[in-house]
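Residue numbers count from 1 along this sequence. This structure is a prediction, so every number in the text was calculated from the model and none was measured.
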Amino acid sequence: MRKLVLVITLAALAATPVLAQQEPSMELTRAVIQAERRAIVEAAVKPAPEQAEKFWKIYWEYRGQVSALGDRMVALIEEYATSEASLTDRQAERMVAESLAIQREAAELKERYSRKLKDVLQPKQIVRWVQVENKMDAVINYEISVSIPLAE
């Protein structure tokens, strides 16, 4: 598990310079972190050979849908960055609603896919999957959040 924390930390550190500068290469950073996910998830879930094919199919389907939510969040962050100085109450309300909708949809996706994984993995493997996804998401969300200034 220490190895897992190290890998997550390294992925977060790789994201820091790009996110702090708020450059368009945020997509590249997300791709790098995405590439690390397989190793992190493999180490945590440890799917048996007979589970692996079905698990990874479901997992990458899940990640594709989460990635679409990530795209929405990136667009929201970029919108905020370009309108920060002139942000209206109406824009702020819409941004809050969109942010909360993205978070809600992410939680619903994780719940739906944890149910799908019941046909493939043992309960302890599923809980490790949820835990490791939560940890990776927390690191990434932290790195993103420190680069976003508070609204005036």
Side-chain angles (χ1 to χ4, degrees), residues 1-20 22-81 91-148 150-151:
M1 202 47 95
R2 288 182 189 178
K3 205 178 211 184
L4 175 63
V5 172
L6 177 61
V7 173
I8 292 172
T9 303
L10 290 174
L13 290 174
T16 302
V18 175
L19 295 174
Q22 291 192 13
E23 294 178 357
S25 59
M26 186 183 300
E27 291 302 317
L28 177 60
T29 300
R30 287 174 61 208
V32 169
I33 292 170
Q34 178 78 348
E36 296 296 325
R37 279 187 181 271
R38 182 174 176 110
I40 294 167
V41 171
E42 179 86 41
V45 175
K46 300 176 185 159
E50 63 274 8
Q51 298 170 314
E53 184 178 340
K54 288 180 183 178
F55 169 71
W56 289 115
K57 181 179 184 229
I58 293 169
Y59 181 76
W60 292 118
E61 180 182 298
Y62 165 77
R63 288 305 313 160
Q65 292 192 31
V66 170
S67 181
L69 292 176
D71 292 345
R72 283 175 52 195
M73 185 58 78
V74 168
L76 185 60
I77 291 167
E78 289 172 349
E79 178 186 357
Y80 174 74
Q91 287 173 308
E93 288 173 351
R94 189 187 50 72
M95 288 178 178
V96 167
E98 174 68 357
S99 177
L100 294 174
I102 292 167
Q103 292 174 39
R104 184 174 44 258
E105 289 173 40
E108 289 167 357
L109 269 176
K110 198 172 286 178
E111 182 179 356
R112 186 169 50 241
Y113 278 87
S114 69
R115 286 193 306 266
K116 281 186 174 189
L117 288 172
K118 286 181 180 180
D119 296 334
V120 178
L121 299 176
Q122 298 298 312
K124 288 180 183 178
Q125 289 173 299
I126 296 170
V127 78
R128 286 194 303 266
W129 171 73
V130 170
Q131 289 172 327
V132 76
E133 285 293 317
N134 287 342
K135 287 180 182 194
M136 287 186 290
D137 292 344
V139 169
I140 292 166
N141 289 336
Y142 171 77
E143 291 300 325
I144 291 170
S145 71
V146 297
S147 69
I148 303 170
L150 289 176

Heavy-atom side-chain contact between [X] and [Y] under 4.5 Å:
X	Y	answer
Arg38	Trp56	yes
Arg104	Glu108	yes
Lys110	Trp129	yes
Tyr62	Lys116	no
Arg72	Leu69	yes
Arg112	Leu109	yes
Val41	Phe55	yes

Where is the tightest heavy-atom contact between Gln51 and Lys46, given as atom of each residue plus distance?
->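 Answer, listing the atom of Gln51 first, then Lys46: OE1-O, 4.3 Å.
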Measure across Gln125 and Ala48 and return the closest heavy-atom pair with its distance rounded to 0.1 Å.
->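 So the two residues come closest at NE2-N, 4.3 Å.
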Can you tell me how far the [atom1] atom of [X] sits from the [atom2] atom of [Y], to the nearest 0.5 Å?
X	Y	atom1	atom2	answer
Leu121	Arg128	CG	CZ	9.0 Å
Ser99	Ile77	OG	CD1	8.5 Å
Ile40	Arg37	CD1	CZ	7.5 Å
Ile102	Glu98	CD1	CD	4.0 Å
Glu105	Gln103	CD	CD	11.0 Å

Whether over 12 other heavy atoms sit under 6.0 Å from Gln91 CD =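 For Gln91, atom CD is crowded (more than 12 foreign heavy atoms under 6.0 Å).
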For Ala75, enumerate each residue passing the side-chain contact (heavy atoms from CB on, under 4.5 Å) test, keeping only those at least two apart in sequence or located in another chain.
->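 side-chain contact (heavy atoms from CB on, under 4.5 Å) check on Ala75 returns nothing, list empty.
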Derivation and outcome, salt bridge (charged side-chain N to carboxylate O under 4.0 Å, His left out), residues Lys57 and Glu53 | CA-CA 6 Å; Lys57 181 179 184 229; Glu53 184 178 340; over 6 Å; no
Can you tell me if Tyr59 and Glu42 form a side-chain donor-acceptor pair at under 3.5 Å?
->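 No, no side-chain donor-acceptor pair sits under 3.5 Å.
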Qualifying residues under side-chain hydrogen bond (donor to acceptor under 3.5 Å, both in side chains), relative to Gln122, sequence neighbours excluded |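 In terms of side-chain hydrogen bond (donor to acceptor under 3.5 Å, both in side chains), with neighbours along the sequence ignored, Gln122 is linked to no residue.
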